[in-house]
*Asks:* 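Below is one structure. I have some questions about it.
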Amino acid sequence: MIMTPDVPTGPWRVVVGVSGSIAAYKAPFVVRRLRQAGHEVRVVATDAALRFIGAPALAAVAGRPVSSGIFDDPAAVEHVAVGEWADLVVVAPASADLLARVASGRADDLLTATILTTTAPVVLAPAMHTQMWANPATRENVATLQRRGLSIIHPDSGRLTGADSGEGRLPDPERIVAEALAVLADRRARRAGASGSEALSGRHVVVSAGGTREPIDPVRYVGNRSSGRQGVAAACAAAERGARVTLVAANVADDVLAVLATLPREVEVVAVGTAVELHDAVRRAARDADAVIMAAAVADYRPVEVSASKIKKHGLQRGSAADGSARLTIELVENPDILASLVADPPRRDGERMLTVGFAAETGDAEGDVLAHGAAKARRKGADLLAVNAVGERLGFGDVPNSIVILDNRGYEVARVEGSKIDVARVLIDLVASRLSD
């Protein structure tokens, strides 16, 4: 079940808008996922949308009649009533025409009138042909809507109508629901004071970021692809919410750390290189920490011996391969499990509770998918929360969007969010703030 951070818990009243696009056939799945998560849903469809999908199908999954025209029930003043009723408005799909009409302030049907009158967050999930999405008029409309505070879920790339393929495909319902609820959770949290400058005031949050490097010789090392961007974003989000933050940075580039200079309060940065150095620095910093967020990618193993000089290729033993290539065997030893040690032996000196949050970068394999591996790790590590994300080429690592599912120590889903690194970090920190205030 998709849930958002419990600040507060809901359930929410959600208007699902449907506009005229072939992707309207996905709208019932959006409605179903929202209702499965316990939320109340009203569907508002344009006349064009009802040419692609029938009102009975939408009404069946929503559990109530579909609204469409301003004059269906004039006495009810629905264009105002529906907007006032909503905690959240999600339009999926949002056609190019719908974007243009909302950007120009039109209110010529119930959906655009609802968007114009509501004070709830409005999330638009565009779907259209690639050329329409790339058209400067559409781009300008999107920019206008974002400036006004409406949220846009960027469309996917993939198969479109007919044989065409490209950017403009409506994202999967799971992504639409997760991102829309994350927008609502963030808005509600800010209004309730669970985020912003008060949420973590007086708290000390330790965050690790980057990737450890285990030296082989003075030139080479065993490492990973982590840039540290997600950990730095978590440090920024914690500082935004008033925390005193210590960032233990493992090989994080200066340009990634530069964002810290824009924060209203200083973040202490402790630079480390190896997993052992990271282990020691985190435990020192956490002696008075209220929460530790282990976002760094820690090498599981390190070389038993480190050569004092560069290993030369001509000194390697020649292998038996047909091409005569040389082989180098490096014996490895296991590094300390930092997250598990924080759980089993908390370093906080006064014995007060310390919240532990881990990250699990996973790939699926024959033994299970990303979430199955993450759930097993959550139970094994025992941290209060574990953020699980899929990684790979242009996924997770580096300056790319991120998508995480947050699990508790039983492996049960607590929250799900997709977006930029800072979007993900803010939802995670809101959840940390909420847990600390319990």
Side-chain angles (χ1 to χ4, degrees), residues 1-9 182 185-186 189 194-195 199-209 230-231 233-235 237-239 241-248 278-279 281-298 336-362 370-389 402-417 424-438:
M1 180 170 67
I2 293 179
M3 297 180 66
T4 53
D6 47 354
V7 259
T9 56
D186 184 66
S195 63
L200 292 173
S201 179
R203 302 286 194 174
H204 180 202
V205 177
V206 175
V207 182
S208 71
Q230 186 62 76
R241 285 145 176 77
R244 175 168 66 90
V245 181
T246 301
L247 176 66
V248 183
L278 181 68
H279 171 271
V282 167
R283 291 191 67 86
R284 280 194 302 271
R287 288 172 183 170
D288 64 346
D290 296 287
V292 178
I293 301 173
M294 287 295 302
V298 184
D337 188 326
I338 304 173
L339 181 61
S341 74
L342 291 170
V343 175
D345 181 23
R348 181 152 179 161
R349 292 174 295 187
D350 57 10
E352 292 294 320
R353 176 174 179 249
M354 185 184 76
L355 190 77
T356 52
V357 181
F359 271 74
E362 295 287 351
V370 168
L371 203 53
H373 286 304
K377 183 172 288 187
R379 293 187 289 268
R380 187 170 65 251
K381 299 281 189 181
D384 295 285
L385 299 170
L386 186 74
V388 182
N389 65 310
N402 205 1
S403 175
I404 66 172
V405 178
I406 304 173
L407 309 177
D408 64 16
N409 54 19
R410 299 167 297 170
Y412 294 155
E413 184 174 326
V414 174
R416 182 182 293 235
V417 60
V424 169
R426 285 171 177 154
V427 171
L428 178 62
I429 293 300
D430 283 345
L431 186 55
V432 167
S434 176
R435 291 293 178 99
L436 288 175
S437 66
D438 288 345

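One is the number of the first residue; the rest follow in order along the sequence. Worth saying up front: this structure is predicted, and the values here are computed from it rather than measured.
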*Asks:* Looking at side-chain heavy atoms only, is the closest gap between V357 and M294 below 4.5 Å?
*Replies:* no

*Asks:* Are any of the side-chain heavy atoms of I406 and E413 separated by less than 4.5 Å?
*Replies:* no

*Asks:* Locate the shortest heavy-atom distance separating A199 from A433; write the atom from each residue and the value.
*Replies:* CB-CB, 4.0 Å

*Asks:* If you measure from CZ on F359 to CG on L386, what distance do you get to the nearest 0.5 Å?
*Replies:* 9.0 Å

*Asks:* G374 and V388: which non-hydrogen atoms are nearest, and at how many Å?
*Replies:* CA-CG2, 3.8 Å

*Asks:* If you take all heavy atoms of A182 and V427, which pair is closest and at what distance?
*Replies:* CB-CG2, 4.2 Å

*Asks:* Strictly distance-based, threshold 3.5 Å: is any side-chain N or O of R203 a donor or acceptor partner for the main-chain N or O of L436?
*Replies:* yes

*Asks:* If the threshold is 4.0 Å, N to carboxylate O, is there a salt bridge linking K381 and D337?
*Replies:* yes

*Asks:* Of all the heavy-atom pairs spanning V205 and A243, show the shortest one and how long it is.
*Replies:* CG2-CB, 3.8 Å

*Asks:* Pair V292, V282 - check side chain to side chain contact (heavy atoms under 4.5 Å, CB included), show working.
*Replies:* CA-CA 8 Å; V292 178; V282 167; 4.0 Å; yes

*Asks:* CG/D384 to CG/L407 distance, rounded to the nearest 0.5 angstrom?
*Replies:* 13.0 Å

*Asks:* Give a yes or no answer on whether the side chain of T356 reaches the backbone of V343 with a donor-acceptor pair at less than 3.5 Å.
*Replies:* no

*Asks:* If you compare all heavy atoms of G231 against all heavy atoms of V207, which two are closest, and at what distance to 0.1 Å?
*Replies:* O-CG1, 3.4 Å

*Asks:* Of all the heavy-atom pairs spanning T246 and A285, show the shortest one and how long it is.
*Replies:* CG2-CB, 3.9 Å

*Asks:* Nearest 0.5 Å please: distance from the CZ atom of R283 over to the CG atom of L278.
*Replies:* 12.0 Å

*Asks:* Measure the shortest side-chain to side-chain distance between V206 and M354 over non-hydrogen atoms and say whether it is less than 4.5 angstrom.
*Replies:* no

*Asks:* Look up atom CG in L385 and atom CG in N409, then write down how far apart they are to the nearest 0.5 Å.
*Replies:* 8.5 Å

*Asks:* Is any NZ, NE, NH1 or NH2 atom of the basic residue among D290 and R244 found under 4.0 Å from an Asp or Glu carboxylate oxygen of the other?
*Replies:* no

*Asks:* Which distance, rounded to the nearest 0.5 Å, do you find between the CD1 of I429 and the CD1 of I293?
*Replies:* 3.5 Å

*Asks:* Can you check whether R287's main-chain N or O pairs, donor with acceptor, with R348's side chain at less than 3.5 Å?
*Replies:* no

*Asks:* Where the side chain of S208 meets the backbone of V248, is there a donor-acceptor pair that is under 3.5 Å apart?
*Replies:* no

*Asks:* What is the distance from atom CG of L200 to atom CG of D430, rounded to the nearest 0.5 Å?
*Replies:* 8.5 Å

*Asks:* Using a 4.5 Å cut-off on heavy atoms from C-beta on, say whether the side chain of P347 contacts that of L342.
*Replies:* yes

